[in-house]
Structures are given as C-alpha cells and as structure tokens.
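Structure first, then comments.
Numbering of ligands and ligand atoms starts at 1, following listing order. Worth knowing before you read on, the calculation uses all heavy atoms, side chains too, and leaves out hydrogens, waters and symmetry mates.
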Amino acid sequence: MHRSLAILALSSLAAASAIQYPFVESSQPETISNKPLVSSNAIQDDISSDKLLKRAKHLFKLAELAIDEYNHPTRVIGSQGHVATLDYIYATLAGLGDYYDISNQTFPAVMGNVFEYRLVLGDSSPNSTAAMSLTPPTKDKEPVFGPLVLVANEGCDSSDYPANVTGSVAFIRRGTCPFGIKSENAGRAGAIAAVVYNNGKGGLSGTLGQPSKDHVATFGISDTDAKPYIEKLQAGEVIESSAYIDAIVESIGTTNIVAQTKGGDPDNCVMLGGHSDSVTEGPGINDDGTGSLTLLEIATQLVKYSVNNCVRFAWWAGEEEGLLGSDYYVSQLSDEENMKIRLFMDYDMLASPNYAYQVYNASNAVNPVGSQELRDLYTEYYTVHGQNYTYIAFDGRSDYDGFIRNGIPGGGIATGAEGIKTRKEAEMFGGTEGEWFDHCYHQLCDTVDNLNMEAWELNAKLVAHSVATYAVSFKGFPERTAVKHNVLSEKSLYHGSKLIM
Ligand code: DTR
Ligand code: ZN
Ligand code: ZN
C-alpha cells in the first residue's frame with residue numbers, strides 16, 4: 001500500500017475503529033484464465049439494489065466521521081469522511097484477492113472556503129453578489145476601499161487595465177477568457193478587488209480555478225445589477241466602493257485510487273470513473289456516492305469472470321474542487337499510456353430522487369471519435385429496457401472533461417442535479433415537474449434518503465453492461481487515432497460543477 005495512503009488509512013482506521021468494513025469479500029486467488037468470460041447478462045444479474053443500498057448506508061457512516069471537525073457529515077477532501085472513504089475503497093479492492101493491480105495516486109489538491117463576504121458599490125450592495133470559489137481574501141481579511149474602475153473589453157489582456165485600476169476595484173465584463181485570468185490581470189494591475197459582471201441574464205457564480213499568486217479577491221454580480229454602475233462610470237461619475245472577503249485557499253494532499261484487472265489486453269483498456277469526494281456542505285451519497293459505489297460493486301462482482309480487454313476503475317478525489325483528480329491523472333499519462341485507454345466512462349449522480357435518465361450528448365463531430373458510439377450504447381440500453389432518456393450537454397461538468405480534452409473518447413450518464421424537471425420530463429420519468437432533479441444537490445440532505453433506488457439499480461446494471469460490453473470486445477468501436485493535449489473548446493464554460501468563464 002502506498003505510504004501516504006497507509007498513513008491516511010491508519011488515521012482513518014483509528015477514527016473508524018468502531019466501524020467494520022463488512023464488504024471485503026475474500027476470494028480464493030484462482031487464476032483469472034480458468035474463469036468464465038464475463039457477459040453483460042451475467043454481471044447485470046449480480047447487481048441488486050439491496051447490495052447498493054447496503055454500501056450507501058455504510059458510506060454515510062463514514063461521512064459521519066467528519067462531524068467532530070465539520071459539525072455535520074461530509075466527505076470533502078481532507079476530512080476524516082473522505083479519508084475513510086478512500087480506506088473503504090482500498091480495503092474492499094485489496095480484499096478481492098489477486099485480481100486487480102491497485103494503485104493510489106497522491107497529488108497536491110487545492111481547496112477553498114469562503115467564510116464571509118460583502119461588496120458595497122457607491123451607496124448600495126448588489127443583491128446578486130457572490131464571491132467566486134477559490135478566491136483569495138481581501139488584504140488582511142479586512143474590508144478594502146477604493147473607486148470602482150471600468151476595465152476595457154473583457155479584461156483578458158493586461159492592456160485592458162488603465163493605470164487608475166491600481167488601488168481600485170476592477171469592474172470587468174464576463175466573456176472571452178476564464179474568471180481566473182481576469183482576476184490575475186486585475187491583481188497584476190494593482191486592483192484591491194475585482195467584480196466580474198455577467199454578460200448574460202442572471203447572477204454570476206463561478207470559480208477562479210487553479211490558484212495564482214496574482215489572483216485578487218473576486219466577486220460576480222448579475223447583468224441587471226451592473227447596468228446602473230456602468231452607466232454612471234461611463235458618464236464620468238466616481239463610485240467609491242468597499243470590498244470584503246474572508247476566505248482561505250489551501251493546498252492539501254489527496255489521493256486517486258485506480259484498479260486495473262490483471263487479465264485482459266493491457267493495451268486496450270475500458271476505463272470508468274466516479275468521484276470519491278463530496279462537497280463540504282454534505283455527505284454526497286448521491287453526488288457521487290452512487291457513482292463510486294456502483295464502481296466498487298461492479299469491481300467486486302467482476303472477479304468471478306475473465307476479461308478479454310483490461311478494465312480500469314478510477315475513484316477521483318477533488319472532483320468538487322474542479323475535477324482535480326481526473327485532471328491530474330490525465331496530465332500524468334504519457335502519450336503511450338494515453339493511447340491504451342480506448343474510452344473513459346464517467347458515472348456521477350446515478351440515483352437523483354426526481355431523476356431523469358440523462359445521457360451526455362457526445363458527438364464524434366466535436367468530441368474524440370468513439371464518444372458517439374458510447375452515447376449510443378446508453379440510449380440503446382434504455383430503449384431496449386423500455387425506458388425514456390434525455391440528452392444533456394456534454395459541457396465539462398464532470399470527470400470526463402480531462403479525457404476528452406486529451407483525445408480519449410468519453411461519455412456517461414447522470415440523473416440530474418440542480419436542473420428543473422420539465423412537464424415533458426415528468427411525463428417521461430414520473431416525479432415532480434418544476435422541481436430540481438436532486439433537491440439536495442450539494443446540500444446536507446444528500447443522504448441515503450435522497451436516493452431513487454429504482455433508478456440507481458437500472459443505472460448500475462447499465463454501468464455493468466457498459467463494462468462487460470467492452471471488456472469482451474471493442475469490435476466495431478473506433479480505433480484510437482491521436483493523442484491531443486488539453487484541447488480547450490472555446491465553448492467550454494464549465495470545468496467541473498462551477499463556471500470557469
Ligand atoms: N455531479 C456534479 C457535476 C455534474 C455532472 N453532470 C452535471 C450535469 C448538471 C449539473 C451538474 C453536473 C457535481 O459533481 O457537482
Ligand atoms: Zn458529482
Ligand atoms: Zn457535486
């Protein structure tokens with residue numbers, strides 16, 4: 001066991017000594033070759049809602065280990081809840097005999113917390129004000145004061161920042177480049193804070209992404225709130241302002257866990273992932289306990305079979321901080337290793353209480369070739385099983401993003417987060433029109449009671465089907481042709497659950 005995980009595991013074992021890990025099924029170390037080849041029907045029959053629910057209940061107990069530190073259950077990176085989650089995943093895999101090569105990948109993650117903030121422009125505080133995620137605090141975590149200064153264009157170039165930005169609050173229009181670049185440019189121009197105003201309808205809540213020493217305390221506000229200030233500034237008025245953010249941005253070590261079958265062609269891997277972490281606010285049993293536990297259950301059942309192609313499972317850490325684990329993993333792949341991954345399947349939120357069966361609308365026209373075939377595997381399964389499905393944007397909001405940006409075909413399914421179920425979707429899937437798909441998304445109530453078990457069981461069987469299909473054969477699936485390196489589609493507004501631009 002990698003030293004750092006051993007330390008993590010020991011600390012969690014100490015904390016979790018009251019909790020046994022009941023699902024470590026010991027298996028005889030048989031040779032893989034004398035096992036029957038996996039089939040979709042066989043492994044789907046191994047999946048049941050009872051077994052999934054049992055794991056979910058256990059995961060919630062692990063989240064409760066964080067209560068002393070966070071005053072509520074959570075599995076956010078760095079918490080005892082997440083350390084215990086990692087230990088549970090690792091111990092379960094290690095208990096499956098000699099079927100997998102298990103590796104853990106510790107990497108430097110960043111996590112941010114905004115405790116308090118306030119923005120006053122002139123004599124009013126815009127109602128839509130939101131501090132950006134991963135924003136640094138204002139100087140000495142105290143209010144700062146200065147005039148509001150309009151930045152030219154969209155603040156993506158240093159030349160957009162007039163000299164009088166120094167000592168001022170930079171007022172920057174959204175668009176063209178990520179919020180992090182705007183904040184960095186403002187900081188370099190000597191601004192004491194930055195306010196990004198929306199170029200579309202509504203408020204603006206996003207993330208600065210990877211921290212920079214030049215980032216400055218940064219807020220987002222809506223287009224309507226910004227309008228009167230823009231007009232006054234353009235008329236030459238001076239708008240004295242104050243900004244205050246109390247926040248921390250800290251680096252912590254955390255760990256991806258990757259398990260690959262020893263059997264199967266190692267040059268043609270089917271890879272799938274879920275994220276092992278939750279947000280700070282809650283235990284994340286749907287987001288993404290359902291994805292990571294589905295992988296753990298399938299990895300457990302798969303040991304009964306042999307495979308023709310290797311199967312690689314990944315439990316990503318730091319997804320909620322901005323896809324940190326999957327980004328790090330892909331960044332460490334050599335081109336040769338990259339080419340061995342035939343496709344990556346992302347499983348993030350599989351049991352939303354007000355679910356829709358959602359399929360990422362990948363296409364070979366804009367995504368690595370093979371993404372569309374994977375999409376069609378999902379839609380065919382739902383159709384064959386008499387279920388409706390909807391397409392959702394393949395827009396970078398979960399751990400597939402690093403893979404498709406680097407030339408690896410990707411896709412996945414979900415059951416919905418803070419999106420609102422339409423009347424048509426209520427007719428297609430049941431549930432409640434006009435409500436979030438998951439009313440506990442990123443909240444304390446994302447517990448075991450926040451799961452639709454019927455949806456989870458069907459989706460877990462679909463995940464098993466996707467694994468078995470490609471573990472048996474890639475016949476008819478496009479060959480890998482090229483590695484790409486962090487291709488940024490100009491339309492990528494998301495990288496993780498938060499807007500980056
Ligand atoms: N599971 C969410 C990220 C996510 C993935 N797909 C969507 C679609 C709509 C909203 C959010 C998401 C999370 O980890 O927060
Ligand atoms: Zn998620
Ligand atoms: Zn989330």
Test item: D223 and Y197 side chains (from C-beta on) under 4.5 Å apart, heavy atoms: no
F394/Y400 aromatic ring centres below 6.0 Å: yes
Test item, Q358 contacting ligand 1 (heavy atom, 4.0 angstrom): no
Pair Y470 and F474, ring centroids less than 6.0 Å apart: yes
Which segment of A417 sits under 4.0 Å of ligand 1 when only heavy atoms are counted: side chain
The Zn ion (ligand 3) to H442: nearest N/O/S atom name: NE2
Near-ring test F437/Y355, centroid separation under 6.0 angstrom: no
S292-H275 side chain donor-acceptor pair, cut-off 3.5 Å: no
D287 near ligand 1 by a heavy-atom separation under 4.0 Å: yes
Atom of D348 closest to the Zn ion (ligand 2), considering N, O or S atoms: OD1
T74 side chain to V76 backbone, donor-acceptor under 3.5 Å: yes
Angular separation of H275 NE2 and D287 OD1 about the Zn ion (ligand 2), given to 10°: 90°
Minimum-distance protein heavy atom relative to atom 15 (O) of ligand 1: Y441 OH, 2.6 Å
Residue portion contacting ligand 1 (non-hydrogen atoms closer than 4.0 Å) for F437: neither
R397 and ligand 1 - part of the residue with a heavy-atom distance under 4.0 Å: both
Ligand 1 to E418 polar contact by distance, N or O atoms, under 3.5 Å: no
N/O/S from D288 sitting under 2.8 Å away from the Zn ion (ligand 2): no
Atom name, E320 (N, O or S, nearest to the Zn ion (ligand 3)): OE2
Nearest protein heavy atom with distance in Å, relative to atom 6 (N) of ligand 1: Y360 OH, 3.0 Å
N, O or S atom of E319 closer to the Zn ion (ligand 2) than 2.8 Å: no
Least distance between heavy atoms, Y99 atom then L302 atom: OH-O, 3.1 Å
N-O pairing of K421 and E435 below 4.0 Å: no
Element-labelled atoms of ligand 1 that are located less than 4.0 Å from some non-hydrogen atom of M349: 1 (N), 2 (C)
Ring centers of Y391, Y389 separated by less than 6.0 Å: yes
